[in-house]
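Below: the structure, in structure tokens.
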Amino acid sequence: PGVERFPRQIMEWCAGFLSGHMSAYGDFALRENDFVIGDRKIGGNAQAISGGRWLHHTSFLFDYRDELMGLLKTPPKAPQYRSNRSHGEFVTRVCDISADREGFVTGIIESVERQGVFKGLHVSEEEAMDVLEKAK
């Protein structure tokens, strides 16, 4: 898609096409290596880059149990904007900004498909389980 094969450029490109959908939920931005709404992390990013190819992956945390999140230790290396906040103060749940999980996911898929370089692949749970079974 004409994006340099470096993590920052890939994340900026992704943030650009997601911003239309995500801005409906608040002040969406790329901060350091994370997608944020305001000053709270909503998505973590990772890339695999090899030769002329790359794969970008974002994890959005839809929900979690406070008591389990409280068990996590603060990582030794954290983004500066975290400002020593606990996980609960640093991360936001998608369900706190959108009760419509399907609409949230559909908006992301549509944002990706509008780029014209990707096409969403929709498989049923049964089809996915068949693939996993065959991979064993």
Cationic tip of Arg40 above Phe90 ring, under 6.0 Å, 45° of axis: no
For the residue pair Gly88 and Tyr64, what are the closest heavy atoms and their distance? CA-OH, 3.8 Å
Given the rule in the side chain to side chain donor-acceptor pair (under 3.5 Å) test, do His57 and Asn45 qualify, once you have shown the distances and angles that lead to the verdict? CA-CA 6 Å; His57 158 84; Asn45 298 299; over 6 Å; no
What's the separation between atom CD in Glu113 and atom CD1 in Ile108, rounded to the nearest 0.5 Å? 12.5 Å
Note, Ile42 side chain near Ile97 side chain (heavy atom, < 4.5 Å): yes
Flag side-chain contact, heavy atom, 4.5 Å: Leu61 against Val91: yes
Close side-chain approach of Arg101 to Phe62, heavy-atom, < 4.5 Å: yes
Sidechain-backbone polar pair: Gln115 side chain, Val112 backbone, donor-acceptor under 3.5 Å: no
What are the two closest non-hydrogen atoms of Arg31 and Gly38, and how far apart are they? NH1-O, 4.2 Å
As a quick check of understanding, evaluate side chain to side chain contact (heavy atoms under 4.5 Å, CB included) for Thr92 and Lys41, giving each step before the final call. CA-CA 6 Å; Thr92 192; Lys41 180 177 180 174; over 6 Å; no
Pair Arg85 + Asp39: basic N to acidic O under 4.0 Å: yes
Starting from the C-alpha separation in whole Å, work towards a yes-or-no answer on side chain to side chain contact (heavy atoms under 4.5 Å, CB included) for Leu18 and Phe28. CA-CA 9 Å; Leu18 287 174; Phe28 175 75; 4.2 Å; yes
Closest non-hydrogen atom pair, Arg53 against Arg5: N-CD, 4.0 Å
Return yes when atom CG of Asp66 has more than 12 non-hydrogen atoms of other residues, nucleotides or ligands closer than 6.0 Å, and no otherwise. yes
Glu133: partners by salt bridge (Lys or Arg N to Asp or Glu O under 4.0 Å), with sequence neighbours left out: Lys136
Looking at Arg8, I want to see if its CZ is surrounded by more than 12 non-hydrogen atoms of other residues, nucleotides or ligands under 6.0 Å. yes
Asp96 meets the salt bridge (Lys or Arg N to Asp or Glu O under 4.0 Å) criterion, sequence neighbours left out, with Arg93
Verify the cluster assignment for Val36 and Trp13: are they in a single hydrophobic cluster under the rule of side-chain heavy atoms below 4.5 Å apart? no
May I ask you to check whether over 12 heavy atoms, not counting those of Tyr81, lie within 6.0 Å of atom OH? yes
When you measure from the side chain of Ser19 to the backbone of Gly16, do you find a donor-acceptor pair of N or O atoms at a distance under 3.5 Å? yes
Is there a side chain to side chain contact (heavy atoms under 4.5 Å, CB included) between Gln47 and Trp54? Walk through the geometry before answering. CA-CA 7 Å; Gln47 299 78 34; Trp54 55 265; 5.7 Å; no
Candidate pair Glu12 and Val3, rule side chain to side chain contact (heavy atoms under 4.5 Å, CB included), full reasoning: CA-CA 9 Å; Glu12 288 173 352; Val3 178; over 6 Å; no
Counting C-beta onward and ignoring hydrogens, is there a side-chain heavy-atom pair between Pro79 and Asp34 closer than 4.5 Å? yes
Check whether any side-chain heavy atom of Phe60 sits under 4.5 Å from a side-chain heavy atom of Val105, and report yes or no. no
For Gly26 and Ile37, the nearest pair of non-hydrogen atoms, with its separation, is CA-CG2, 3.9 Å
In terms of the angle between their ring planes, are Phe104 and His21 parallel, tilted or perpendicular, with boundaries placed at 30° and 60°? tilted
Any heavy-atom pair between the side chains of Pro75 and His87 that's under 4.5 Å? yes
Would a distance-only check, ignoring hydrogens and angles, find a side-chain to backbone donor-acceptor pair under 3.5 Å from Glu127 to Ser124? yes
Please find the pair of heavy atoms, one from Gly43 and one from Thr58, that lie closest to each other, and give the distance. CA-CG2, 4.2 Å
Inter-residue atom distance Ser98.OG - Met22.CE, 0.5 Å rounding: 9.5 Å
Could you give the distance from CD1 (Ile49) to CG (Leu55), rounded to the nearest 0.5 Å? 10.0 Å
Look at atom CD of Glu125 and say whether more than 12 heavy atoms of other residues, nucleotides or ligands are closer to it than 6.0 Å. no
